2 protein chains.
Amino acid sequence: MNIGEIARRAGVSRSTVSYALSGKRTVSEATRRRILDVIEELDYRPNANARALKEGRTRTIGLVIPPASRRLTDMQLDFVASVVDAAARADLDVLLSPSGGDHDRSFERVVTGRRVDGVILMEIRLEDARVARLQQAGLPFVGIGRTSRPDDMWWVDVDYAALMAKCVHHLADLGHRDIALVNRSAELVAAGYGPGHRALAGFTQGVRERGLTGVDYCCADDTAAGEACLNQILREHPEVTAVATINEAALPGIQHALENAGLSVPTDFSVTGVAAPHWAENFRPQLTAADVPALEMGARAVELLAECIADPSAAAQHLLLTPPISLRGSTGPARR
Amino acid sequence: MNIGEIARRAGVSRSTVSYALSGKRTVSEATRRRILDVIEELDYRPNANARALKEGRTRTIGLVIPPASRRLTDMQLDFVASVVDAAARADLDVLLSPSGGDHDRSFERVVTGRRVDGVILMEIRLEDARVARLQQAGLPFVGIGRTSRPDDMWWVDVDYAALMAKCVHHLADLGHRDIALVNRSAELVAAGYGPGHRALAGFTQGVRERGLTGVDYCCADDTAAGEACLNQILREHPEVTAVATINEAALPGIQHALENAGLSVPTDFSVTGVAAPHWAENFRPQLTAADVPALEMGARAVELLAECIADPSAAAQHLLLTPPISLRGSTGPARR
DNA sequence: CTGGATCATCGAACCGATTCGTCAACGATA
DNA sequence: TATCGTTGACGAATCGGTTCGATGATCCAG
């Protein structure tokens with residue numbers, strides 16, 4: 001069931017079959033009809049590998065996700081889902097590669113095997129060896145996040161610094177003087193994970209601008225860690241009346257810790273931050289937070305990648321998103 | 001930077017380079033050394049498409065996931081992650097295809113494009129057109145779940161019927177007489193989603209065996225629906241003292257509804273069911289539930305698929321998992 | 001009636017690997 | 001020295017498509 005078989009049954013040459021399918025040259029209506037009938041009858045589809053080999057492109061994009069050993073955040077999950085969906089709409093296939101910062105085999109296969117036309121790279125660090133590797137290989141890619149030298153690469157990112165600063169200002173407006181940041185895990189931050197660093201920078205800047213006192217804590221991405229982290233904050237800094245966080249997965253734990261401490265939100269304690277809508281709405285009361293637009297990011301990343309593939313020499317494009325903070329019920333005036 | 005380039009620089013023929021890499025024929029140590037040096041210097045990797053074309057296999061598996069429009073459950077996410085990980089360990093790439101029950105283009109590409117050696121098919125329905133399509137195309141595949149005629153296909157599944165029956169017996173043992181089932185969404189059940197049907201069957205059987213009274217409700221996969229569903233149960237059947245569920249995503253909503261109704265778990269009301277450990281542990285008190293072994297399922301599905309690809313004519317293998325119910329704090333004696 | 005343009009089709013080269021058949025060189029054996 | 005077996009390398013065919021150049025048929029204008 002290859003193109004030769006079709007050609008034989010239709011009594012034409014292989015090239016005619018190819019032209020009948022692609023339309024790149026005219027084929028008489030009669031033979032076209034005959035060829036399509038045979039194709040229909042045999043349920044023939046061109047071999048994608050052969051086509052990719054000759055055409056030099058695969059109509060496939062690579063999606064490099066964090067290693068599966070670490071559970072994906074909901075935001076990342078939304079992002080993956082939207083990338084896959086956007087790619088499907090553009091008739092692109094998606095090849096998944098679970099890779100951390102190291103050069104593992106899966107990542108190397110994707111980069112060097114000419115299996116993909118381009119790559120979307122998730123969870124980029126400030127210094128990321130994978131970026132250099134992709135640039136060296138000359139493979140078009142779009143980063144979700146940016147390195148410390150972001151100008152010469154394509155990326156889509158959320159402006160965590162600005163968002164966190166906004167959160168701090170919001171808390172300051174409500175009269176809070178002592179606040180805490182619940183960041184992502186210490187390992188991630190130590191590895192140079194951009195959002196972690198930029199959120200801290202924004203937090204620090206906001207605190208300074210408003211003359212507040214701020215403390216920051218790293219916290220692993222799960223409920224238990226969130227609970228432990230907030231307990232630690234309450235113990236070590238009982239003066240703190242509000243926390244801001246970019247750690248979605250810690251939110252349930254934060255909630256538990258506050259309940260256990262007998263603190264009610266928002267009368268005794270305020271909580272805000274950056275989270276996927278799903279988490280913000282599951283918090284009780286619903287979280288005042290910037291909703292990370294993961295779904296939009298995925299679609300835009302695919303669009304950008306398509307442009308980058310079409311013209312790799314074009315100037316790098318960037319997209320820095322600053323979603324508004326949705327006021328819900330989890331922040332209120334500082335207690336006194 | 002193809003194999004010809006390497007051959008030229010090393011002063012040998014292309015076939016010699018190929019044999020030096022594959023080891024399928026002997027190559028003298030001297031030339032091998034020379035070839036590998038050139039490869040190293042030029043950072044050459046064989047073109048995966050050309051290799052796949054010639055060899056007739058792609059070293060890639062397809063993973064057909066539910067469409068992204070519907071948020072994946074945590075269990076599904078764990079499953080995807082473990083499949084991707086297991087595949088990476090076996091040096092297989094994973095091609096993602098978001099497909100519902102219909103034949104969409106993405107699914108058709110995966111099935112007919114010869115881009116994958118085999119497929120893992122998630123969220124199988126009792127009558128699933130995709131299964132027939134794969135069988136017709138002769139593409140090896142492993143189902144996560146089974147159709148109503150499961151004997152002639154390979155699959156891995158969780159015995160939801162047995163698990164739900166166990167839950168019912170557990171509740172009966174605690175003295176509950178009126179219980180409710182919170183199932184997955186009405187659309188999913190109507191579409192013939194296996195776990196939904198089998199859970200209901202197990203629930204009904206358990207209720208009958210113990211002479212209880214049981215009501216069952218469908219519930220969309222989110223917090224709001226879970227809350228609404230439990231409110232409805234409390235309103236329409238105030239005699240109910242316990243619910244069992246296979247709807248993880250409804251658990252937070254169930255919790256909210258119980259809190260709002262002033263019912264405390266487990267003294268006033270019991271909750272149990274089947275959920276990924278993550279959800280079970282986030283419930284308060286922690287959920288007495290069967291932990292769906294999603295991580296194990298993923299790894300086993302990849303193993304099975306590898307066997308199925310190696311020998312497609314072999315007898316179909318099945319794996320029906322019945323994880324034990326972990327007793328945590330969310331079930332207790334019926335109130336009186 | 002002839003020359004040139006247009007249309008439809010064919011044949012062959014090519015993409016980048018793998019693999020089979022062949023063969024030269026060499027050493028060992030008779 | 002003639003023969004045989006082994007080793008190491010080469011050349012060509014092949015996988016299944018796409019695409020370029022060429023060719024024959026048809027048509028219209030001059």
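Labels below follow one simple rule: chain letters A, B, ... track the order of the sequence lines, proteins then strands, and each chain is numbered from 1. Basis for what follows: all heavy atoms, side chains included, without hydrogens, waters or symmetry-related copies. If you're wondering where the values come from, they're calculated on a predicted model, not measured in any experiment.
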Tell me whether the count of non-hydrogen atoms from other residues, nucleotides or ligands lying under 6.0 Å of CD in B/Glu40 goes above 12.
no
Testing B/His318, B/Glu307, B/Arg146 one by one against B/Trp154 for a side-chain contact (heavy atoms from CB on, under 4.5 Å), which residue passes?
B/Glu307
In terms of the nearest nucleotide of DNA chain D, which residue is placed more toward the 5' end: B/Gly11 or B/Leu53?
B/Gly11
When you check the gap from the basic side-chain N to the acidic O, do B/Arg89 and B/Asp91 get nearer than 4.0 Å?
no
By a strict heavy-atom criterion of less than 4.0 Å, which residues belonging to residues 26-41 of chain A are in contact with DNA chain C?
A/Thr26, A/Val27, A/Ser28, A/Thr31
Just by distance, with hydrogens left out, do A/Glu127 and A/Thr147 show a side-chain donor and acceptor under 3.5 Å apart?
no
Is it the case that the side chains of A/Thr16 and A/Ser13 hold a donor-acceptor pair, with the cut-off being a distance below 3.5 Å and no angle test?
yes
Checking B/Asp93 side chain against A/Ser106 main chain: does a donor-acceptor pair fall under 3.5 Å?
no
What I'd like to find out is whether the side chain of B/Val156 reaches to under 4.5 Å of the side chain of B/Val142, using heavy atoms alone.
yes
Exercise: identify the closest heavy-atom pair between A/Arg32 and A/Ala20:
CG-CB, 4.1 Å
Do A/Leu188 and A/Glu123 have side chains that approach each other closer than 4.5 Å (heavy atoms only, starting at C-beta)?
yes
Answer with yes or no whether the side chains of B/Ser18 and B/Ser15 bring together a donor and an acceptor at under 3.5 Å.
no
Using a cut-off of 4.0 Å between protein heavy atoms and nucleotide atoms, how would you tag nucleotides 17-25 of chain C 5' to 3' with B, S and -?
BBBBBB---
Nucleotide interval of DNA chain D bounded by contacts with chain A (heavy-atom cut-off, under 4.0 Å)
D/dG16 to D/dA22
